[in-house]
S.K.: 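The following block contains the structure, expressed as structure tokens.
Side-chain atoms are counted along with the backbone in the values below, which use heavy atoms only and exclude waters and symmetry mates. Residue numbers start from 1 in every chain, and the chains themselves are labelled A, B, ... in the order their sequence lines are given, proteins ahead of strands.
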There are 2 protein chains.
Amino acid sequence: MGATIKDIAKAAGVSSATVSKVLHDSGANIRVSKERAEHIREVAHKLNYVPNVLARNLRKGATRNIGLVFENFGSIAAGPLYYAEMFDGITSVLFAEHYRLTILPEIDPDTGHKELANGQLDGVIWCKFVENQATNQMLRKAALPCVALNTLETNVPPNAVSVMCDNLGGAELVVDHLTQLGHTQIAFVNEIREEETPDSIGRLSGFIRSMNERGLAVHQDDILTWSFEATEFVSWWAKKPPHTALFIWNEGQASRVLRRALDAGVEIPRELSVVGFDSTAFSETTHPPLTAVNQPIREMARYAANVLLNLISGQVPESHSVTFPVTLDVRGSTQALTQSRVSNP
Amino acid sequence: MGATIKDIAKAAGVSSATVSKVLHDSGANIRVSKERAEHIREVAHKLNYVPNVLARNLRKGATRNIGLVFENFGSIAAGPLYYAEMFDGITSVLFAEHYRLTILPEIDPDTGHKELANGQLDGVIWCKFVENQATNQMLRKAALPCVALNTLETNVPPNAVSVMCDNLGGAELVVDHLTQLGHTQIAFVNEIREEETPDSIGRLSGFIRSMNERGLAVHQDDILTWSFEATEFVSWWAKKPPHTALFIWNEGQASRVLRRALDAGVEIPRELSVVGFDSTAFSETTHPPLTAVNQPIREMARYAANVLLNLISGQVPESHSVTFPVTLDVRGSTQALTQSRVSNP
DNA sequence: CTGAAAGCGCTTACAG
DNA sequence: CTGAAAGCGCTTACAG
């Protein structure tokens, strides 16, 4: 259908090598007379020539195409604005450099290296990379530049660079905030199918550590795991738990808990303080607005994309692992422990 | 780095044609002795062979790669769960068929056809396709199977298939609902930089038509265009507008208006009824929960992906344009016009 | 300043 | 049942 270099060469009466040089070679190397060059360009335009990138890539051994791997891809819709921010961040960098972004299906540790090493990708950004020997080995087999986004530090595969937020520090901010408000009975809320996620693991362990540092023990009853819809909130509350505050692993889950509370007539924050994690614009729209740890996901995504591009161009990374600091956005879902709540009916 | 067919051929003592046949040919055409075949497979495995997809694609003229075009890509983070649902829908179909999804940078009408026709894509899903002669021509030039998602019916490029939701019908549901509640002073709220978007155009024209059909005129003052943050709400309300209900073009913008209202002490829905559009799970988390038109975006996305796959396989589409019906999810942000509000201070 | 030729890794008629 | 050869469209030494 499309015209090829050969077509142009014939139409312009030159060799295909000459056409290629004129159309794509770096300025300095073009040693073709002005007139010839102009003529070739005209013919190419007239024939509506579009270079076949596949052929070029095959020849050059580069694709200008980056892969994006999600574990738990199915639940992209779960993290309100989190993924959207991440996308924006990654694509803003990649597109500026004329790269494309390809979403990959979930990678099978056994056969997945073929998806990565088949010549279609210059590199890969791997979200929530989960420790797995097979995967590590696969990645090494694929010999593909890789940036792991939000991965446990101990799980970063060799020859990859890790970019993450400070989950431990974030948890500490939460515990600080809540204890300063007088709360000592704090529960951590996880989400079903997310317990194995690097982020939730990091936040939970940070929570336990920070509590312990303040002389507060964390028991089994202080760690809750609820379904996506957080419907367990109602029965949990009915049991009159001692907790006066909840640290919920992410923004999306926190918003659903807020909803359940509202429906059940539980007053947030008077009866129960709630803190979440991520703090995108979404946290402003909940009722009450959600106090949450602010993770700079957009900047992290931009950074990850830049690091990957450097990796691809052969640079040795300055650091094997980069951790972004987090802050706490205090909004309306937390308040000082009131007397009324202490005498919980 | 990776082993090639030639390497295997040499190691196995056969021709590369034979290797290719054993490894990839359709079952029927393999005419190689069992033992030889087995031996070749062993060698391939031992050498960690991964076929180079680029080379195969170049030869076969197919890529198993679909492009996704957003106009206004930058604002993907704006539509709360809308894009996430869409992604899930598209990828669930594509991945099952071993296709990949590549996000494309915004397409330049003048040069963009090169992005599409460069041999990397088997087809394209184009979101919010905007009428544009250059683009139409470009698409024809590229000669690429195309599905336009949520495009005005009149703008669907020739040789593409349109998949959209019934924006007009949705607007009618809104007007029905509000007028049944006694509202006659209804304003439509658009969003800056979205006025030219097919969806907002469709919803606005549906609003005007439905109002007119009920003998209600729509004046200039009844059509508002607010910034992303909807901060204009406060000054608008301060002017004591006659309106008792707002029809806001989408869910995200509606949620921000709700937030402004809450901050400004305007009671929704007692003082003002608010209706949005999209109605993903996000509409449940706002305060109050948002009454909104439900657009089955996930199913639409799945449908679009399936149609595209059919187009690619050469099937003639049953229809040039498919419109999905919408429904209205009545939640807490609308209520019957109360006496108190009529006597608006 | 320009062209003939080889090659990226694969697949597919074609011949034997 | 198997292999030699051509070719997908491009680029890059190399020769002239």
S.K.: Is the shortest side-chain heavy-atom distance between B:K128 and B:D199 below 4.5 Å?
M.R.: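 Yes; the side chains approach each other to less than 4.5 Å.
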
S.K.: Between P on D:dT11 and CG on A:N57, what's the gap in Å once rounded to a whole number?
M.R.: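 A:N57 atom CG is separated from D:dT11 atom P by 10 Å.
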
S.K.: Among D:dG3, C:dT12, C:dC8, which nucleotide has an atom closest to any side-chain atom of B:S20?
M.R.: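 In terms of side-chain proximity for B:S20, the closest of D:dG3, C:dT12, C:dC8 is C:dT12.
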
S.K.: Just how far, in rounded Å, is C1' of C:dT2 from CD1 of A:I40?
M.R.: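 Whole-Å distance recorded here is 10 Å.
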
S.K.: Are B:R64 and B:D122 within salt-bridge range, i.e. N to O under 4.0 Å?
M.R.: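 No, this pair does not count.
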
S.K.: For A:N52 and for B:T18, find the nucleotide of DNA chain D with the closest heavy atom, then tell me which residue's nucleotide is more 5'.
M.R.: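 Result: B:T18.
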
S.K.: For A:Y49 and D:dG9, give me the distance from atom OH to atom P, rounded to whole Å.
M.R.: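 Distance, rounded to whole Å: 10 Å.
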
S.K.: Would you kindly give the NZ-to-C1' distance between B:K6 and D:dG3, to the nearest whole Å?
M.R.: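 Nearest whole value for this atom pair: 15 Å.
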
S.K.: Does anything in residues 60-67 of chain B reach DNA chain C, meaning a heavy atom under 4.0 Å, and if so which residues?
M.R.: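 Contacts with DNA chain C under 4.0 Å: B:K60.
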
S.K.: Donor-acceptor pairs are to be reported for all side-chain atoms of residues 308-321 of chain A against protein atoms at under 3.5 Å, with residues two or more places apart or in another chain.
M.R.:
unit_1	atom_1	unit_2	atom_2	d
A:S313	OG	A:N310	O	2.9
A:S319	OG	A:S321	N	3.1
A:S319	OG	A:S321	O	2.8
A:H320	ND1	A:A160	O	3.0

S.K.: With rounding to the nearest 0.5 angstrom, report the OG1 to CG distance, A:T63 to A:L58.
M.R.: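 Here the rounded value is 12.0 Å.
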
S.K.: Is there a side-chain contact between B:L121 and B:I66, using heavy atoms and a 4.5 Å cut-off?
M.R.: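 A side-chain contact under 4.5 Å is absent here.
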
S.K.: Do A:C165 and A:T323 have side chains that get closer than 4.5 Å, going by heavy atoms?
M.R.: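 With C-beta onward as the side chain, the pair stays apart.
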
S.K.: Measuring from the side chain of A:V14 (C-beta onward, heavy atoms only), which nucleotide among D:dT2, D:dG9, C:dG3 has the closest atom?
M.R.: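 The closest nucleotide is C:dG3.
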
S.K.: Could you measure the distance from the CD atom of A:Q120 to the CD atom of B:Q120? Nearest 0.5 Å is fine.
M.R.: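 Those atoms lie 9.0 Å apart.
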
S.K.: Sequence neighbours left out, what pairs pass side chain to side chain donor-acceptor pair (under 3.5 Å) with at least one residue falling in residues 49-60 of chain B?
M.R.: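 Qualifying pairs: none.
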
S.K.: To the nearest angstrom, how far is B:D7 atom CG from C:dC10 atom P?
M.R.: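 Whole-Å distance recorded here is 9 Å.
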
S.K.: Tabulated below should be each protein N or O lying under 3.5 Å from an N or O of nucleotides 4-7 of chain C; please produce it.
M.R.:
unit_1	atom_1	unit_2	atom_2	d
C:dG7	N2	A:R59	NH1	3.3

S.K.: Name all residues meeting the ring pair (Phe, Tyr, Trp, His ring centres under 6.0 Å) criterion together with A:Y99; count only those two or more places apart in sequence or in a different chain, and write none if there are none.
M.R.: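 Applying ring pair (Phe, Tyr, Trp, His ring centres under 6.0 Å) to A:Y99 gives none.
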
S.K.: What do you reckon, is CD of A:E196 surrounded by more than 12 foreign heavy atoms closer than 6.0 Å?
M.R.: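 It does not: A:E196 CD has 12 such atoms or fewer within range.
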
S.K.: Whole Å only: how far is the CG atom of B:L58 from the P atom of D:dG9?
M.R.: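 Going from CG in B:L58 over to P in D:dG9 covers 7 Å.
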
S.K.: Report the secondary structure of DNA chain C in dot-bracket form, marking unpaired bases with a dot and bases paired to a different strand with |, and treating Watson-Crick or G-U pairs with both distances under 3.5 Å as paired.
M.R.: |||.||||||||.|||

S.K.: Looking at A:S16, is its backbone amide N or carbonyl O close enough to the side chain of A:S20 to form a donor-acceptor pair, meaning the two atoms are under 3.5 Å apart?
M.R.: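 Not a single qualifying donor-acceptor pair exists.
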
S.K.: Nearest whole Å is fine: how far is D:dT12 C1' from A:L23 CG?
M.R.: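 Value for this atom pair: 16 Å.
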
S.K.: How close or far is atom P of C:dC8 from atom CZ of B:R56, stated in whole angstroms?
M.R.: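 Between P of C:dC8 and CZ of B:R56: 18 Å.
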
